[in-house]
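Since the structure is predicted, the reported quantities are computational estimates derived from the model, not experimental observations. Proteins get letters first, then strands, A, B, ... in listed order; numbering begins at 1 in each.
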Amino acid sequence: MWLSKSLRFSLFPTHTKLPPFLPILTSHFCASSRSQTCLHDEAISRFNSLLHMRHVPPIFEFGKILGLLVKMKRYTTAVSLIKQMEFKGILCNLANLSLLMNCFFHLDQLAFAFSVFAKTLKRGYHPDVITLTTLIRGLCDKGEVEKALILHDKIVTLGFRLDEFAYATLMNGLCKIGETKAAIKLFRMIEGRSRVTYNIIIDGLFKDKYTKEAYDLYSEMVVNGISPDVVTYNTLVYGFCLVNQLEEAFGFINEMLSNSIMPNVYTYNILIDALCKQGKLREAKNVLGVMVKAYVKPNHFSFNALMNGYCLVNQVKNAKQLFNAMTQMRVSPNVRSYTIMINGLIKNDRMDEAINLFQEIQQKNMVPDTVTYTTLIDGFCKYGRITYVWDLIDDMHNRNQQPNTITYNCLLDALCKSYNLDKAFELYNTMMENGIQPNKYTWNILLDGMCKGGKLEKAQEIFKDLLIKGYPLDVCSYNTMINGLCKKGFLDEALTLWSKMEDNGCLPNVITFKIMSRALFEKDEIDKAEAFLCEMVSRGLL
DNA sequence: GTAGGGTTAG
């Protein structure tokens with residue numbers, strides 16, 4: 001009962017202005033360790049001294065430093081040191097070449113990465129399992145999982161055996177693009193499944209909301225004598241939070257504690273985020289307090305989750321306070337922090353402050369990403385300041401932040417709501433030409449636009465078509481159509497759709513009931529309208 | 001191998 005106990009008292013009185021956990025945080029975490037910059041400079045000077053020794057030191061001495069730099073994510077430095085090394089006539093070994101390839105992948109220079117691989121072969125090295133795993137991981141990380149799979153098939157055909165690290169990498173890549181089934185196929189194919197491979201598949205299943213299957217696999221893992229570690233538990237906690245089963249999630253927290261596995265920053269952040277999304281801000285804040293007391297330093301994720309939570313319950317003031325406080329904690333806001341604040345400010349009618357923050361991003365030499373732009377674009381759309389929108393879209397292109405489905409959805413919604421249906425469809429065509437796939441929001445926006453823009457029949461046609469194709473329409477799609485039908489006086493058809501939706505596995509919500517009862521009241525069908533309201537109450541929808 | 005931000009219906 002670790003959390004419930006800690007929740008009984010509040011660590012944070014509500015009357016103070018500054019986040020009260022700040023003093024605790026600063027005293028805990030400000031004891032300085034040697035900075036990354038310092039280590040980085042030391043590595044460079046050590047490398048240089050190796051380079052200038054009268055007798056060339058063994059190559060692995062260079063490799064050690066290069067490995068350290070990669071661990072510190074100083075890829076550019078590693079590349080430049082390897083260049084200097086080769087310039088001096090000290091040739092890379094296979095390990096150095098794999099490391100170099102890895103650096104180029106991280107630097108998004110795929111062509112260079114492949115040329116290093118070509119160089120490896122040209123120099124007569126036989127790529128080992130590490131070289132191949134580096135290639136597989138590079139491809140997966142850059143969204144080329146398909147190519148990684150082809151590479152895997154080739155490697156196997158050539159009679160080479162990959163190890164469990166390589167398979168874990170490949171399975172993780174597959175899960176990340178939603179190909180959990182393919183990952184499971186590999187998982188069942190290989191022998192000697194490790195904890196890491198179990199963790200990957202369990203996580204993939206949870207993210208696809210196959211909660212039971214994920215849990216079953218966890219049980220299988222335990223039966224096979226593999227004990228869960230902190231990552232396994234985090235995966236379980238996250239998986240149950242994802243389907244709003246927080247009780248189960250906390251059950252696993254208790255289980256991990258009784259197995260003497262300490263929660264880490266991921267564990268706490270998962271809990272903070274889940275609590276925030278349920279609007280339980282007080283509890284979320286308490287988790288942060290518990291975390292700090294356990295000497296686990298909050299990071300971007302922790303602060304962003306909490307800020308987002310405050311915005312969700314319309315407490316932008318508290319979010320802003322946290323935003324200002326994180327800098328003092330040496331966790332400077334990142335682009336996501338800014339986006340959360342911009343969104344919160346816009347939703348609270350503080351457009352000008354949102355614009356100021358947007359400008360602050362650029363002043364700090366950060367680049368707003370597609371989500372930041374989309375947030376601001378949606379704000380301008382809803383405030384009817386359309387001229388700014390096109391400037392922002394130009395800006396996006398100039399900064400190589402491409403609009404995606406959601407960006408288009410915001411624009412489509414703006415066009416529909418201002419009765420520019422033709423322009424909306426024009427934009428829809430542009431979207432398709434640019435290879436951007438519509439999602440269910442797109443259809444709901446367009447259906448609503450058609451219903452309200454005098455194209456009810458067209459909307460019905462498209463709606464039917466989507467139904468036939470088995471497109472995952474949701475309660476919002478049904479509500480849109482039912483409302484459209486009601487508004488044009490087709491009450492019978494609305495009722496038919498109403499009775500169909502539940503058969504199609506879509507439960508009506510409060511909005512459905514409100515639409516129906518209002519339409520019935522307007523037609524003086526008072527009894528029926530009241531029956532709907534009663535039904536709504538009896539279903540617990542209030 | 002595990003965590004975060006933006007879009008729709010009354």
Nearest of [options] to any side-chain atom of [X]?
{"X": "A:Asp378", "options": "B:dA3, B:dT7, B:dA9", "result": "B:dT7"}
{"X": "A:Ile445", "options": "B:dG5, B:dT8, B:dG6", "result": "B:dT8"}
{"X": "A:Thr407", "options": "B:dG10, B:dA3, B:dG6", "result": "B:dG6"}
{"X": "A:Tyr238", "options": "B:dA3, B:dG5, B:dT7", "result": "B:dA3"}
{"X": "A:Asn479", "options": "B:dT2, B:dA9, B:dG5", "result": "B:dA9"}
{"X": "A:Asn444", "options": "B:dT2, B:dT7, B:dT8", "result": "B:dT8"}
{"X": "A:Thr374", "options": "B:dT7, B:dA9, B:dG6", "result": "B:dG6"}

Report which part of the nucleic acid [X] touches: base, sugar-phosphate, or nothing (heavy-atom distance under 4.0 Å, all strands).
{"X": "A:Thr370", "value": "base"}
{"X": "A:Val237", "value": "nothing"}
{"X": "A:Thr339", "value": "base"}

Could you give the [atom1]-to-[atom2] distance, from [X] to [N], as a whole number of Å?
{"X": "A:Leu447", "N": "B:dG10", "atom1": "CG", "atom2": "P", "answer": "13 Å"}
{"X": "A:Ile462", "N": "B:dA9", "atom1": "CD1", "atom2": "P", "answer": "17 Å"}
{"X": "A:Ile406", "N": "B:dT7", "atom1": "CD1", "atom2": "C1'", "answer": "6 Å"}
{"X": "A:Lys417", "N": "B:dG10", "atom1": "NZ", "atom2": "P", "answer": "7 Å"}
{"X": "A:Met481", "N": "B:dT8", "atom1": "CE", "atom2": "C1'", "answer": "14 Å"}
{"X": "A:Phe323", "N": "B:dG5", "atom1": "CZ", "atom2": "C1'", "answer": "12 Å"}
{"X": "A:Lys440", "N": "B:dG6", "atom1": "NZ", "atom2": "P", "answer": "15 Å"}
{"X": "A:Asp413", "N": "B:dA9", "atom1": "CG", "atom2": "P", "answer": "6 Å"}

Using the test salt bridge (charged side-chain N to carboxylate O under 4.0 Å, His left out), find all partners of [X] that sit at least two apart in sequence or belong to another chain.
{"X": "A:Glu144", "result": "A:Lys147"}
{"X": "A:Lys382", "result": "A:Asp378"}
{"X": "A:Lys452", "result": "A:Asp448"}
{"X": "A:Lys364", "result": "A:Glu360"}

Inset, instruction - Say whether, by atom type as modelled, one donor and one acceptor occur between the side chain of A:Asn259 and the main chain of A:Ile261 under 3.5 angstrom. - result: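 Absent.
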Please check the phosphate of [N] (OP1 and OP2 only) for any side-chain N or O of [X] closer than 4.0 Å.
{"X": "A:Asn483", "N": "B:dG10", "result": "yes"}
{"X": "A:Lys487", "N": "B:dA9", "result": "no"}
{"X": "A:Lys176", "N": "B:dT2", "result": "yes"}
{"X": "A:Lys347", "N": "B:dG5", "result": "no"}
{"X": "A:Lys277", "N": "B:dA3", "result": "no"}
{"X": "A:Lys382", "N": "B:dT8", "result": "yes"}
{"X": "A:Asn409", "N": "B:dT8", "result": "no"}

Legend entry - A:Glu353/A:Arg350 ion pair, N-O < 4.0 Å: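 Salt bridge: yes.
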Inset, instruction - Please state whether the base of B:dA9 and the side chain of A:Asn509 form at least one donor-acceptor pair under 3.5 Å? - result: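 Between B:dA9 and A:Asn509, which were checked side chain against base, a qualifying N/O pair under 3.5 Å is present.
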Legend entry - Polar pair under 3.5 Å, donor/acceptor by atom type, side chain A:Thr372, base B:dG5: yes
Inset, instruction - Within residues 187-196 of chain A, find the residues that approach DNA chain B with a heavy atom at under 4.0 Å, and present them sorted by residue number. - result: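 Those residues whose heavy atoms fall under 4.0 Å from DNA chain B, taken from residues 187-196 of chain A in numerical order, are A:Arg195, A:Val196.
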Inset, instruction - Please say whether the positively charged group of A:Arg137, taken as NZ for Lys or CZ for Arg, lies over the ring of A:Phe105, i.e. under 6.0 angstrom from the six-membered ring centre and within 45 degrees of the axis. - result: no
Inset, instruction - Compare the aromatic ring of A:Tyr441 with the six-membered base ring of B:dT8 and state whether they stack according to the 5.5 Å and 30° rule. - result: no
Inset, instruction - Please state whether the rings of A:Tyr215 and A:Tyr218 are parallel, tilted or perpendicular, taking 30° and 60° as the class boundaries. - result: tilted
Which pairs would a plain distance check flag for residues 500-508 of chain A, meaning a side-chain donor or acceptor within less than 3.5 Å of a matching protein atom at least two apart in sequence or in another chain?
residue	atom	partner	partner atom	Å
A:Glu502	OE1	A:Arg539	NH2	3.2
A:Glu502	OE2	A:Arg539	NH1	3.3
A:Asn504	ND2	A:Tyr478	OH	2.8

